[in-house]
Structure formats: structure tokens, C-alpha cells
Trainee: 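Sharing a structure below in C-alpha cells format, with a few things to ask.
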Amino acid sequence: MAMTLTDDQNMLRDTARDFMASEAPVTHFRKFRDMGCKDGFSHGLWKQFAELGFTGILIPEADGGMGMGQIEAGIVLEEIGRNLSPSPFLTTSVAAVEALKLADKAMRDRWFPGILAGETVIGIAIEEGVKHRPEKIACVATRSGNGFKLTGQKQFVVQGASSDMLIVAARTAGAVGETAGLTLFAVDKDAAGLSMEAARLVDSAVAAHVKLDGVQVDADAVIGEVDGGWAVLSKILDAGRVGAAAEMVGVGTGAMDMTFEYLKTRKQFDRVIGEFQALQHRAAHLYGEMEGARSIVLKAQSLMDEGHAKAELYVAAAKAKAGLACNLSVREGVQMHGGIGMTDEYDIGLYMKRDRSLNEFFGDAYYHADRVATMNGY
Amino acid sequence: MAMTLTDDQNMLRDTARDFMASEAPVTHFRKFRDMGCKDGFSHGLWKQFAELGFTGILIPEADGGMGMGQIEAGIVLEEIGRNLSPSPFLTTSVAAVEALKLADKAMRDRWFPGILAGETVIGIAIEEGVKHRPEKIACVATRSGNGFKLTGQKQFVVQGASSDMLIVAARTAGAVGETAGLTLFAVDKDAAGLSMEAARLVDSAVAAHVKLDGVQVDADAVIGEVDGGWAVLSKILDAGRVGAAAEMVGVGTGAMDMTFEYLKTRKQFDRVIGEFQALQHRAAHLYGEMEGARSIVLKAQSLMDEGHAKAELYVAAAKAKAGLACNLSVREGVQMHGGIGMTDEYDIGLYMKRDRSLNEFFGDAYYHADRVATMNGY
Amino acid sequence: MSDRETFRAEARAWLEENCPAEMRIPAKGDEDVCWGGRNFVFQSEAQKVWLERCVAKGYTVPDWPKAYGGAGLSPQETKILRQEMAKLGCRSPLNSFGIWMLGPALLKFGTEEQKVHYMGQIARGEIRWCQGYSEPGSGSDLVSMQTFGEDKGDHWVVNGQKIWTSYADKADWIFCLVRTDKTNKYQGISFLLFDMETAGVSTKPIKLISGNSPFCETFFDNVVVPKHQIVGEINRGWDVAKYLLGHEREMISGMGGDGGVTSIGAAMKATLAEESVLRAQMALFDVDNLTFRAHGERFMDEWKTGKAHPAYSNLMKYVGTELNKKRNELVMSIGGSQALEWESERANGGSKARNWLRTKANSIEGGTSEVMLNVVSKRILEMPGG
Amino acid sequence: MSDRETFRAEARAWLEENCPAEMRIPAKGDEDVCWGGRNFVFQSEAQKVWLERCVAKGYTVPDWPKAYGGAGLSPQETKILRQEMAKLGCRSPLNSFGIWMLGPALLKFGTEEQKVHYMGQIARGEIRWCQGYSEPGSGSDLVSMQTFGEDKGDHWVVNGQKIWTSYADKADWIFCLVRTDKTNKYQGISFLLFDMETAGVSTKPIKLISGNSPFCETFFDNVVVPKHQIVGEINRGWDVAKYLLGHEREMISGMGGDGGVTSIGAAMKATLAEESVLRAQMALFDVDNLTFRAHGERFMDEWKTGKAHPAYSNLMKYVGTELNKKRNELVMSIGGSQALEWESERANGGSKARNWLRTKANSIEGGTSEVMLNVVSKRILEMPGG
């Protein structure tokens with residue numbers, strides 16, 4: 001596969017770019033933030049996503065979706081990142097859809113139409129500690145009646161309290177730390193014993209702390225195979241990670257462009273500060289880092305779309321690199337903006353906050369560098 | 001203790017600085033390198049060290065030495081580093097002397113006079129692998145006759161083949177990886193079963209691969225307590241590490257000064273390159289790193305001289321920081337010198353080589369950062 | 001007993017007798033800190049008593065001369081007093097830009113009357129000061145400032161705008177750089193003092209990315225400032241400002257962290273045990289942190305004995321603030337998703353995230369890292385060029 | 001079968017039949033490489049046969065036109081051929097600055113006669129070329145060069161000195177920048193070709209810190225160069241040089257490592273298992289290494305389709321060479337004391353240390369990292385200022 005976008009992909013990018021810039025720019029984000037919106041995003045915008053086909057971008061054509069791949073999802077995510085557009089796209093249309101693609105027809109029919117319509121939101125309930133450790137799932141699902149009873153707690157469930165359904169990873173066998181013995185469940189928001197406490201995050205997204213107090217689900221709530229949930233979870237994780245990486249390419253590029261623009265206009269000591277060589281070199285270095293991040297993310301997406309054996313390695317590298325580059329971009333952005341970069345009035349600080357959340361989502365750069373090392377055999 | 005040198009220490013520094021600059025400058029190093037000297041240093045210079053009292057700087061006054069501390073030894077080492085002066089000072093007068101200070105009178109009387117006279121050279125035979133792992137000593141000493149029989153191999157024994165005696169760490173009890181059960185021995189260079197193969201290093205120092213093939217030593221060859229060698233070894237290591245750190249402060253500062261001088265004279269694009277802001281900022285950053293290294297090394301030396309409980313932590317931090325800063329200095333040095341920095345004719349490359357050896361000696365920056373973490377409780 | 005030991009024993013006894021128990025537990029946050037001033041509301045009787053007793057003893061500013069409200073202690077005695085306060089856990093009786101910044105400037109540049117009057121007020125916690133340096137558009141380039149004081153014989157009429165005035169909305173007086181000669185860039189600035197209640201002064205808090213508003217915009221609309229309210233000579237305010245910036249840098253360079261060498265890694269042991277690469281970052285940070293502590297100690301010892309380069313505080317400011325930013329990045333990484341929470345009680349109201357964001361200003365305020373590097377390069381390393 | 005598949009099968013069959021077995025095992029070092037030229041001594045019969053067969057087939061320069069000694073393959077076919085060669089482990093039949101640098105310049109700027117003559121010689125491995133760009137004192141500032149060619153009607157008489165001429169002591173001809181107009185800095189340089197055996201040419205190897213001498217100083221003392229030995233127009237040699245530097249940068253940027261994504265960490269597993277912080281550095285390096293591979297792939301795909309910014313190769317050169325330096329620092333760290341050995345057989349004659357030192361030149365030769373950052377900043381990011 002050539003590492004350039006096809007004409008169709010370029011068209012999609014133009015569409016997504018125009019749409020986010022006009023319908024969900026940073027002012028849109030500010031509006032929902034400042035109203036203290038309990039969801040942290042606009043349901044109206046989510047409907048508009050659906051109208052453009054974005055919500056079903058990864059849903060197979062046979063199921064009514066666009067049947068596209070990670071590259072296309074990433075194109076949308078990059079524009080989301082560039083504009084800080086708040087939406088359930090990453091969790092619902094990317095991570096959850098990848099899981100549901102492995103579900104049986106009944107479940108697909110139950111959830112895909114709502115996603116396609118921009119009406120359904122799905123939360124991913126995996127994390128149990130403050131750091132990402134998917135194999136350390138301790139939440140248990142014990143056989144009970146026609147199905148299972150789930151007990152445990154989950155954290156950092158982005159948009160969890162706004163979700164119609166949660167995908168919950170629980171242990172049906174094996175010990176904490178093992179990848180075998182996990183099972184994934186679709187748990188309805190109204191299930192008895194399910195409670196949530198919403199917490200606003202630094203980037204104004206809202207994540208939930210979830211309690212599962214003997215939540216009874218039917219056997220048909222299982223996504224994929226009982227005890228074989230790691231296969232489903234892996235899909236969620238790879239898609240969520242590469243998706244977050246793509247969004248960070250957008251966040252980092254948005255911050256960088258804003259900063260470079262500022263360097264070209266701001267005057268200090270009677271000179272435009274972009275004339276200062278020390279800043280020029282840092283700018284050029286940053287550009288190289290962001291270009292590298294863009295490349296490794298595209299590579300990881302391609303390999304996932306090809307079903308390549310090395311996809312997981314590249315996804316880890318992509319999440320790590322995009323995280324490091326985006327983090328550099330927002331740090332340089334705030335520093336180069338100087339005092340006004342510290343004010344809430346300027347946008348650059350919002351990019352710094354978003355970067356932080358995305359870096360943490362599904363494993364930070366250090367976690368993924370560690371995985372790269374392990375996968376590379378040392 | 002104030003973190004400034006006393007008047008006496010300043011006087012010592014002036015003496016050491018004048019001496020190294022006139023008797024053992026880089027041209028001296030080049031001379032011995034280019035003649036392919038098998039020792040890698042000048043015995044004549046070693047005698048001169050003795051005349052100034054340097055060789056016995058750490059030997060107690062009661063034993064005929066100057067009875068000074070790590071700060072004073074470090075003052076000499078910094079000037080050695082600045083001039084790349086080749087000598088057995090670090091191994092013999094610092095590491096070995098610290099071990100022998102814990103030996104009984106007979107052994108001190110056996111070795112201190114030769115060191116004081118600048119006639120004796122002692123090698124430290126600890127390393128058994130390519131990376132520093134002092135607790136992983138596998139070389140064994142089994143009881144035999146009146147003493148012990150030593151069997152095993154050692155590497156990276158700097159000036160080993162030029163040594164009159166080797167201090168050998170061997171296991172008399174315990175398992176590989178344990179600090180208990182080690183014993184240190186003074187092994188004469190002519191001992192039967194001891195063989196050495198000299199290898200020239202990148203910085204033209206000569207290190208030995210040592211084989212101990214059932215080397216018989218008397219019981220009085222033991223330095224310190226049988227099975228309690230870790231106490232002696234720790235003295236060697238701390239002194240060797242903080243000493244290497246002090247030498248790296250000298251190497252890094254020497255390289256930095258040379259580079260800053262070059263920045264002030266070299267012209268490119270019709271300007272002195274020191275006018276370029278990108279280089280100025282890198283220069284200022286480097287200066288800060290070297291100043292930091294100088295400070296932590298002084299702190300570690302003070303704490304060692306005080307016998308402070310935190311000395312080991314600071315020694316680890318000092319070896320790490322001096323290593324990182326000196327490495328930055330030589331890298332920036334070669335890069336800022338441009339093409340001529342790559343030539344053997346210019347001195348900056350020699351500093352790069354010396355840095356590399358010193359960084360590796362008794363544990364590199366990463367090893368010591370790891371120890372800092374462990375000592376800090378995580 | 002040596003003089004020092006005697007002093008230590010006396011100081012200890014005084015503190016034990018006079019420092020209320022409530023003032024020996026650590027302040028919880030900014031609201032627990034005593035800033036003094038006309039409108040300050042004491043949070044407790046203990047806070048008030050502690051201030052009053054220290055004022056009476058001269059211990060709000062122990063090293064200032066007694067004539068100006070201090071206790072006239074030597075640097076050695078001041079250090080001993082601080083050590084004893086630290087041992088007992090005594091809170092600072094009074095925080096103040098007057099103590100940290102204006103006082104030292106007055107001591108060097110003020111008239112005797114000014115010292116007695118203003119330093120006395122500061123020492124007694126009667127007047128809370130703010131600093132008017134930066135202007136919109138001036139940033140690092142302080143001398144490009146536009147706020148102008150028109151000469152009206154016995155007074156100036158000041159018009160213009162300042163920005164980044166810390167707590168201007170809570171301050172009683174301001175020390176302020178004002179252009180009094182438009183024809184001379186450096187030697188056309190005066191260092192003026194005036195009451196924030198003077199007609200024509202208004203302030204507007206600036207909301208920061210941390211969600212807090214410690215800074216204001218401050219506006220001057222025909223503000224009348226009598227001529228005697230100047231520190232130093234007319235048009236030579238830049239000398240005062242530079243001197244004072246040096247003090248500010250020392251203060252900010254101390255911000256390299258927790259004021260000590262405690263590793264944040266230890267508290268997070270369980271997390272780090274599972275995060276090998278993050279642990280390595282923490283380890284390398286701890287090396288830098290220990291280094292900075294030692295560096296600061298050496299700097300202070302050299303500074304006190306006059307051996308430090310006059311521009312060295314710029315280096316310390318650069319190193320310390322960059323280190324503090326790095327520290328807070330690590331705190332956020334180790335804190336994980338919980339550190340992201342912005343309002344919850346679980347996350348202490350988002351204190352980690354807010355602190356992290358706040359530290360981003362460290363390398364901007366009081367001279368940016370870029371300006372510090374310029375200064376180190378030019379003045380210490382003597383690199384060529386403009 | 002598609003055309004591509006057919007070509008692949010044919011190429012494979014040809015290679016299997018024609019590439020001698022000895023030429024399918026990796027070259028051990030520089031001495032195993034075939035550089036061609038008048039004085040080249042083949043190291044084995046197989047090496048000679050392999051070159052001859054490739055020459056006959058046009059496979060020393062497969063993508064050059066047949067008229068100039070190539071095989072006239074399309075970029076796609078060239079890629080397939082390279083893949084098949086890699087699969088069989090075939091060595092490069094011929095390494096040459098003529099192929100990598102002069103050839104592309106001739107293809108763009110040369111006359112038809114020059115292409116047939118010089119490119120043919122290059123393709124056949126008959127003439128080994130070196131490059132005369134840098135001069136003592138010019139460094140990054142190439143156009144400040146002083147070597148002067150005096151116009152004598154039908155020839156120039158060249159006097160001056162070059163430095164960093166790779167393997168000048170082994171080269172047959174040189175392509176050389178010579179000032180032919182002292183009044184115009186940029187448009188006063190010509191791109192000349194001449195025989196190193198011409199009277200007045202002498203060379204002196206430069207010993208590097210790696211202990212090797214791949215570069216020379218080259219002296220010109222009244223060297224006569226006929227006018228037809230110019231590439232491009234008189235005084236417009238800078239255009240040729242710039243074009244060629246772009247090619248050099250692409251080549252050097254490929255040096256980011258082993259040409260692949262193999263982690264050096266895997267081979268050092270046992271060491272890294274005990275070195276937690278070093279392992280973390282290696283892990284972060286591997287992230288950068290995978291990134292650079294993907295970046296290079298994307299760059300080449302964009303370059304080929306004309307989508308890459310013309311100055312983008314400067315960015316790749318910067319990133320790739322800095323990465324390669326970092327890689328070699330890690331190789332040295334992981335190699336520990338054994339990697340320090342300079343001459344021993346155990347350490348393969350100090351190959352790790354020598355390679356490590358060699359890589360320090362990566363970010364200097366072919367345009368320093370600083371120049372690359374300037375170019376990226378000015379031309380791609382369009383930052384203001386001179």
C-alpha cells in the first residue's frame with residue numbers, strides 16, 4: 001500500500017475538514033464547555049455526523065454502514081482533533097463498532113441502526129485502575145440463571161453516563177493478569193445494579209466511574225466468545241489506540257499551526273519572533289516530530305486495514321509517537337505563545353488539555369513504548 | 001558544609017591545574033597514544049604525581065599520605081579530565097586506596113609506600129560481564145591450604161596488565177546476585193594461574209581481560225572480612241564512581257570550553273557562529289547541565305567525606321548526571337565544531353572517546369538512574 | 001554555648017511560646033495563607049495572633065533592619081530561625097510581594113523616609129502590594145512598554161495598561177514601571193508607587209487555563225501620582241526593575257519543586273512498579289532533581305560569598321522552572337486518569353491538573369526561558385552578537 | 001500473470017542464474033564492496049563476474065536509460081528487482097558516487113554526449129568519481145568557496161583546495177565546484193569534471209576520530225580543465241550542486257539505521273533484561289525508529305508522486321541522521337565495555353566504536369543539522385527573516 005491518501009480519501013478529508021471547521025470548531029467546544037453540559041458533547045452534532053455517514057464509517061456495508069477502514073476513521077478523527085470537536089465518535093463509532101463487528105447478528109441489529117442514526121452512544125468500560133492495564137481486569141461475571149451476574153468497578157469510561165449501552169470487560173475465568181478468561185458484555189444503561197458517577201475531566205470531557213453491583217445480563221449479552229473476550233478487547237484496543245493517535249495528530253497539528261501563525265505575527269524586541277533562530281529550529285524540529293507521527297499513524301492504520309501481523313506493533317508505536325509529538329506540540333505551543341498562552345481566552349491551552357486526556361486514553365506513550373520493546377523481543 | 005571550595009582546596013586546584021596543563025596536557029596524551037604505549041600512561045608522570053603528593057591524597061596521614069577526602073581527590077580528577085591526562089590515579093589512588101584503608105596494617109604497609117612513591121599501580125578486578133553488575137560476581141574463592149584458590153574471569157580491568165597487584169572480588173559464599181558472601185583479595189601480578197590479555201580501548205586506555213585459573217593466595221591476602229567483602233567493594237565503588245564523575249566534570253568542561261572558544265572564532269555565512277541564537281541557546285543549556293553536574297558531584301563528595309547516610313544516593317545521582325552532562329558536552333562539541341571536529345587532528349574527538357569510557361566505568365548513567373529510583377523507594 | 005547555639009535556643013523557645021498550635025499544621029491551600037493588607041480577612045484568630053506576635057518581634061522580615069520593621073538578624077541567624085520554624089512546622093506569618101520584591105528594592109534604592117514608611121507598612125502586613133511591569137504586547141520585551149506618566153510639575157498623570165499584575169484585584173498599592181520619557185528607551189522609565197484606590201485605577205482578573213485567576217489586567221486612566229512616590233531617580237527606573245527581577249528570578253528558581261529532595265516516585269511505588277518506561281523517566285527526573293537541589297545549594301553559597309556571576313540567577317531560573325514543568329508532567333502521568341479529573345473531590349478538585357497547568361507559566365513569568373538563555377549566553381558565556 | 005508478476009519471475013530467474021553464490025552472502029566490511037574504477041582490485045572472481053553480468057544486463061543502474069548503460073526499468077520494476085535481490089541476499093554489484101550523485105545530475109543537466117560518455121563509464125564501473133564541494137573555511141557556507149578557475153579561452157586553470165573529498169585518493173575523476181566569477185557569489189560558480197591524474201592534482205587523506213580515512217584534502221595547482229568538461233552553464237554550477245545535494249540528502253537520510261525495522265534491542269535481550277532504564281531508552285528509540293521507517297516510506301511515496309515539498313529531503317536528512325547517532329549511542333551503551341575495545345578481534349577490530357564515531361559525521365556532511373533546520377524553517381514553514 002502506498003503511504004499516500006487515495007483520491008477518495010482526500011475527498012473524505014476535505015468533507016470532514018470543512019464540516020468540523022464550520023459546524024464544530026473550537027467555539028463550539030467552548031460553548032458546550034461553558035454551559036457545563038453534562039454530556040460534554042452536542043447530540044445535535046452527533047446527528048449531523050450521522051447525516052454525513054461518519055457514525056457508521058467502520059460499520060460494514062452489509063450492516064448499512066460505509067464499510068471503510070481505520071485510515072478513513074482516522075481522517076475524521078484528525079479533523080476532530082484539529083477542532084477539538086466534542087463527540088462520541090472515538091468511543092462509539094470506532095472502539096465500540098469494532099467490538100460489535102464481532103457480535104452476532106441479533107446484537108448488531110440491536111445497536112448498529114442507532115449508531116448509524118447518530119442516536120446511540122456507547123461507552124467502553126475496561127479500565128479499573130488509574131493507569132491502563134487491560135489484562136488486569138478483576139471485574140467478575142459469574143454464571144447466573146440464563147446468563148451472567150457482573151460485579152466490580154470501572155473507571156475512565158468516557159461519556160459513560162451519556163451512554164445507552166456499556167461494553168464491559170469482565171472475567172469469567174482465569175486470574176487477574178491473564179488475557180485468557182475474559183468475556184465482553186453489552187450492558188444496557190438501565191440494568192439493575194449498574195450505577196455511575198460522572199466526573200468532568202481536564203479537557204471538559206465527562207468520564208464515568210461505574211459500579212456493577214450484581215448486574216444480571218442474559219447470555220446473548222456476550223460479545224464474541226465466553227472466555228475468549230481478549231480477541232474482542234484487542235479489536236477495541238487497537239482501534240481505540242490508533243484512533244486516539246489519529247486524533248492527537250489533529251490536536252498536535254492544530255496546536256502547531258496556531259503556534260507557527262503566532263510566530264509569524266507576534267513582535268518582540270522590534271522583530272517578529274519567528275525570526276529568532278532558536279525558535280525556528282525548535283519549530284522545524286517540532287514539524288519533523290509531527291510529520292513522523294502522521295506517518296507512523298498512517299502506517300499503523302494501513303496495516304490494521306490489511307490485517308497485517310505487525311499491526312499491533314505499529315499501533316503501539318503510533319500511539320506512543322503521536323502522544324510524544326502531540327505533547328511536544330502543545331508544550332511548545334503554550335511556551336511560544338508566552339503569557340497569553342496561559343489564558344483561558346486563547347485556544348492553545350485547550351489543546352494542551354485535550355492532549356493530556358488523549359495521551360492517557362488506552363495507554364500512554366510510556367506504556368506503549370514498553371509494549372514495543374516487548375513485541376520487539378526484549 | 002558550604003558548597004564552595006575552601007581556600008586550601010582552591011590552592012590544591014590551582015596546583016593541580018597548573019601541573020596538568022604544563023606536564024600532562026592533551027599533547028602528552030597524544031604522545032603516549034601515538035607511540036602505542038602498552039601501559040597507556042607515563043610512569044614518569046606517575047612519579048611526578050607522587051612528588052606533588054597526589055598519589056597519596058586519600059591515604060591517611062598516619063600511613064604517610066595526605067589524609068584528604070573525595071573533594072580533594074575530585075579536584076585532581078577534574079584537572080586530569082580537562083587535560084585527558086593518562087594516569088592510574090582513579091584506579092590506584094582512589095578506588096584501590098579506599099579498599100586498602102580497610103585492610104590490616106601489614107597489607108597497608110605492603111602497598112601504601114609504593115603508591116605514595118608513584119611506583120605501584122593497582123588494578124580493580126570486579127567486572128565479569130560487559131555491563132557493570134557488581135553483585136553478580138561469579139568468580140569463586142574456595143578454601144585451600146592456608147588460604148584460598150581463586151577461579152574465574154574478570155573484564156574491563158583498567159591498566160590491569162600494568163598493575164603490580166589486582167584487587168579481585170570473588171565469591172566465598174552465597175549465590176550469584178547476592179551481596180553477601182563476597183570477599184576481596186589482593187592478588188600479586190606474578191601469582192601462578194593468573195593470566196591477562198590487554199585490550200586497548202577507544203580512549204587509548206588499556207584494560208585487561210583477566211583469567212584466574214586456580215590462583216592460590218594466602219589468608220592474609222584478604223582485604224577486610226571473609227564473606228563481608230561487600231563493605232570493601234562498596235568503598236571501591238563509591239570512590240570509583242564519584243571519582244569518574246569528577247573526571248567527567250573535567251572532560252565535559254574541557255570540551256565545553258574548547259567548543260565555546262570555537263563558537264567565538266569560527267565564521268560561517270559572514271558571521272561568527274556564536275552569534276547564531278540557536279547555538280547560543282544550546283550553549284547556555286549545556287552550561288547549565290555542566291554546572292548542575294559540578295554541583296551534584298561536589299554534593300556527593302561532601303556527603304561521602306561526612307560519612308552521611310545519603311552519600312550512596314548522591315553518588316549514584318552524581319555518576320548519572322555527570323555522565324549525561326559530559327556526554328551532551330562532547331556530542332555538542334563535535335557537532336558544533338563541524339567537519340574538523342571529526343578529524344583526529346582536533347582534540348574534541350578525544351574528549352568524546354574519553355567520555356564514553358568514563359561513562360561506562362563502574363556503571364553508566366542509566367544504571368545509576370535505576371539505582372537512584374531503587375534507593376528512592378520505587 | 002556559642003552565640004549561634006544561644007540564638008537557636010532563644011528562637012526555639014520564642015517560637016514554642018508564641019506560635020499557636022493551629023499555625024503549626026501545614027496550610028491547605030492559598031486560602032490558608034496570610035497575605036495581609038487593608039482588606040485581608042483573617043481565617044482564624046490563630047492566624048491573626050501569629051501575625052501580630054511576629055510583627056512585634058520583627059519576625060515577618062527577620063533580616064530587615066529594626067528601623068524598618070525587621071528584627072535585624074544576621075543571615076546566619078535568619079537561617080537558624082527558618083530552620084527552627086521548619087522543625088516546628090510553623091507557617092509563614094505573612095506572605096507578601098512587598099517582602100519578596102519591593103522591600104529589597106527599597107532597601108537599595110529608597111530614601112530613608114521611604115524605607116521607614118513603606119518597609120514598615122510591609123513588615124506589619126498593613127499594605128498588600130502588586131507589581132506592574134508587563135503590558136499587552138510587551139511580553140519579554142519589557143522596555144517596549146507604553147504606559148505613560150505625563151509630567152505635571154509636582155505630579156505625573158499616568159495613562160496606560162498593565163497585564164499579569166498578580167492579585168492586583170486584592171492589592172492596596174502597586175509598584176509600577178511607567179514611561180516618563182518617550183525619547184529614551186531604557187533611560188526613560190520611572191519606578192512609581194501608588195495606591196490602587198487612586199481615582200482612575202481599575203482591574204480585571206484574567207482567567208487562566210488552570211481555571212484560576214491569580215493575575216489581572218490593570219488600567220490607568222489619568223491616575224495622579226505625586227512626585228515623591230518614586231523609587232530611585234526619574235527615568236532610571238529600569239535599574240530598579242532589573243535589580244528586582246533578579247530577586248524575582250531567585251524566588252522563582254526555588255520553584256524547581258517541593259523545596260526538598262523527596263522523590264515523588266516513592267509515593268507512587270505501586271504504579272511505577274508496573275510502568276517500566278515511566279519509572280525510567282521518573283528515575284532520570286530524580287537524577288535531575290537531586291542535581292538541582294545541589295546546584296541551588298551551591299549557587300546560594302556562592303551568591304552569599306559574592307562568587308556567583310551576577311547573571312547566574314537567570315540560569316537557575318531556567319533550570320528550575322523547566323524542571324518543575326517536567327515534574328508536573330510526570331505527576332500527571334503517574335496520576336493517570338484520576339489526575340485528569342477537574343472537579344471531583346476524589347481528585348481534590350483537580351489539584352494535580354490545575355497545578356500542572358499552573359507550572360506552564362513558570363518558564364514565562366519573570367522572564368521567559370528563552371530570555372534566560374539569551375542572558376546566560378551573552379552575559380555569562382560572553383557569546384558575540386546583538 | 002500481470003506484467004509485474006512476469007517481470008518479477010524473470011528477474012528472479014536471471015538473478016538465480018547469474019548471481020554467484022559468494023555474492024549472496026553479506027559483505028563483511030568496506031573491503032568487500034565493489035567500487036569499480038581504473039585501479040580497483042577485485043577481491044574475488046565472483047565479484048568480477050557479478051559486476052560484468054550486471055553491466056551487460058544494465059543492472060548496475062537498472063533505472064537509467066539503456067542508451068546510458070542502464071536497463072531502462074520503470075520505478076516499479078526497479079523496486080521489484082531490488083526486492084528480489086534482497087530476497088536472495090545478492091550484494092550490490094557496484095557502489096559508486098557516480099551512480100548516486102553525478103549520474104542524476106548529468107541526467108538533468110548534462111548534454112547528450114556527456115550522458116552517453118560519462119554515465120556509460122559509470123554504469124560499467126570504469127571510472128570511480130569523487131566530489132569536490134567543501135573547502136577549508138567554507139563548511140556549511142558552501143558558496144563562500146575560493147577555488148578559482150581562470151578563464152584561458154578554451155580551458156580553465158584551476159587553483160585552490162578542497163576538503164572532505166570522499167575517497168579522493170582512490171577516485172579516477174572528480175566533479176568539482178569551481179569559482180569562475182569572483183564578482184557574483186551564487187552565480188559565479190561552475191560545475192567542472194576532470195581527471196584526478198591531471199597534472200597539478202594531489203590528495204592527502206584526513207585521519208578521522210574513527211581511525212579511518214575515508215576523506216581527503218585535495219589540492220589543485222594550475223590544473224588545466226577543458227571547457228567542454230562543464231556540466232550545465234558557466235557560472236550556474238550552483239544549480240547543479242543544489243540539485244545534487246538534494247540527492248545526497250536523500251541518500252544520507254536513508255542512513256537512519258539498518259535500512260529496516262529490525263530492533264537492535266532484540267539481539268541484546270539478555271543485557272536489556274537487567275538494565276531497566278537503558279531498556280526504556282531502547283524502547284523509546286524503537287518507537288522513533290519505526291516512525292522514521294514509516295516516515296521515509298511516506299516521503300518516498302509523496303516524492304514520487306510530486307506531492308512532497310521540494311525541501312522535504314532536508315527534514316528527512318535531519319531526522320534520519322540524528323536518529324542514527326542516537327542508535328549508535330545505544331549500541332555503545334548496550335555493548336558495554338566490550339564495545340569500547342578498539343583493536344581486539346573479540347570486538348571485531350573495534351567496529352562498534354568506529355561506527356559510532358563515524359555516525360557523528362552524519363549530521364555534518366551533506367549539510368549540517370543546523371543548516372537543515374534553517375532550510376525547513378524558512379522554506380517549508382515559511383518563517384520570516386534572513
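On a predicted model such as this, the values are computed, not experimentally measured, just so you know. In the text below, chain A, chain B and the rest are named by the order of the sequence lines, each starting its count at 1.
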Trainee: Need one label for Leu324(A): side chain, backbone, both or neither, based on atoms under 4.5 Å from any heavy atom in chain D.
Mentor: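 For Leu324(A), the contact with chain D is made by the side chain alone.
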Trainee: Quick one: what part of Lys307(D) sits under 4.5 Å from any heavy atom of chain A, side chain, backbone, both or neither?
Mentor: side chain
Trainee: Taking atom OH of Tyr346(A) as the centre, does the number of heavy atoms from other residues, nucleotides or ligands within less than 6.0 Å exceed 12?
Mentor: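 Open.
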Trainee: Minimum heavy-atom separation for Met3(A) and Asp301(D), please, with both atom names.
Mentor: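 Scanning both residues completely, I find the closest heavy atoms to be N-OD2, 2.6 Å.
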Trainee: If you round to the nearest 0.5 Å, how far is OH of Tyr287(A) from CD1 of Ile380(D)?
Mentor: 5.0 Å
Trainee: How many angstroms lie between atom CG of Asp286(D) and atom CG of Leu313(A), to the nearest 0.5 angstrom?
Mentor: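 Asp286(D) CG to Leu313(A) CG: 8.5 Å, rounded to 0.5 Å.
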Trainee: Which pair of non-hydrogen atoms, one from Ala283(A) and one from Met383(D), has the smallest distance, and what is that distance?
Mentor: CB-CE, 4.3 Å
Trainee: Go through Ala373(A), Ala365(A), Ala293(A), Ala284(A) and name the one with the most non-hydrogen pairs under 4.5 angstrom from chain D.
Mentor: Ala284(A)
Trainee: Within a reach of under 6.0 Å around NZ of Lys325(D), are more than 12 heavy atoms found that belong to other residues, nucleotides or ligands?
Mentor: yes
Trainee: Please state whether the side chain, the backbone, both or neither of Glu370(D) comes within less than 4.5 Å of a heavy atom of chain A.
Mentor: both
Trainee: Check whether any side-chain heavy atom of Tyr378(A) sits under 4.5 Å from a side-chain heavy atom of Met268(D), and report yes or no.
Mentor: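 A side-chain contact is absent here, since even the closest heavy-atom pair is not under 4.5 Å.
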Trainee: Are any of the side-chain heavy atoms of Tyr312(D) and Glu291(A) separated by less than 4.5 Å?
Mentor: yes
Trainee: Once you round to the nearest 0.5 Å, how far does NE2 of His285(A) lie from CG of Leu373(D)?
Mentor: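 That separation rounds to 8.5 Å.
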Trainee: Can you tell me how far apart CZ (Phe292(D)) and NZ (Lys321(A)) are? Round to the nearest 0.5 Å.
Mentor: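 One finds 11.5 Å between CZ of Phe292(D) and NZ of Lys321(A).
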Trainee: Under 4.5 Å from any heavy atom of chain D, what part of Ala318(A) do you find: side chain, backbone, both or neither?
Mentor: neither
Trainee: Return the CG to CD1 distance between Asn289(D) and Ile296(A), rounded to the nearest 0.5 Å.
Mentor: 9.5 Å
Trainee: Thr271(D), Val287(D), Thr305(D), Leu381(D): which one forms the most heavy-atom pairs within less than 4.5 Å of chain A?
Mentor: Leu381(D)
Trainee: Considering only heavy atoms from C-beta outward, does the side chain of Arg293(D) approach that of Lys299(A) to under 4.5 Å?
Mentor: no
Trainee: If you draw a 6.0 Å radius around NZ in Lys269(D), do more than 12 non-hydrogen atoms from other residues or ligands fall strictly inside?
Mentor: no
Trainee: Between Gln280(A) and Pro384(D), which heavy-atom pair has the shortest distance, and what is it?
Mentor: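 Result for this residue pair: NE2-O, 3.1 Å.
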Trainee: How close do Leu284(D) and Ala369(A) get, counting heavy atoms only, and between which atoms?
Mentor: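 Heavy atoms of Leu284(D) and Ala369(A) come nearest at CD2-CB, 3.8 Å.
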Trainee: Just do the side chain to side chain donor-acceptor pair (under 3.5 Å) check on Gln277(A) and Asn374(D) with the steps written out, would you?
Mentor: CA-CA 8 Å; Gln277(A) 197 199 30; Asn374(D) 284 342; 3.2 Å; yes
Trainee: Considering only heavy atoms and a distance below 4.5 Å, find which of Ala317(A), Gly292(A), Ala316(A) pairs most often with chain D.
Mentor: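 Of the candidates given, the most pairs with chain D belong to Gly292(A).
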Trainee: Between OG1 of Thr4(A) and CE of Met300(D), what distance do you get to the nearest 0.5 Å?
Mentor: 12.5 Å
Trainee: Please flag which part of Leu5(A) lies under 4.5 Å from any non-hydrogen atom of chain D: side chain, backbone, both or neither.
Mentor: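 Backbone of Leu5(A) only, per the 4.5 Å heavy-atom cut-off to chain D.
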Trainee: Please rank Glu302(D), Glu322(D), Arg279(D), Lys304(D) by heavy-atom pairs under 4.5 Å with chain A and give me the top one.
Mentor: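 The candidate making the most pairs under 4.5 Å is Arg279(D).
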Trainee: Assess whether atom NZ of Lys264(A) is packed by more than 12 heavy atoms of other residues, nucleotides or ligands within 6.0 Å.
Mentor: yes
Trainee: Between chain D and each of Asp370(A), Ile273(A), Leu263(A), count heavy-atom pairs under 4.5 Å; write down the option with the most.
Mentor: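 Counting heavy-atom pairs under 4.5 Å, the top option is Asp370(A).
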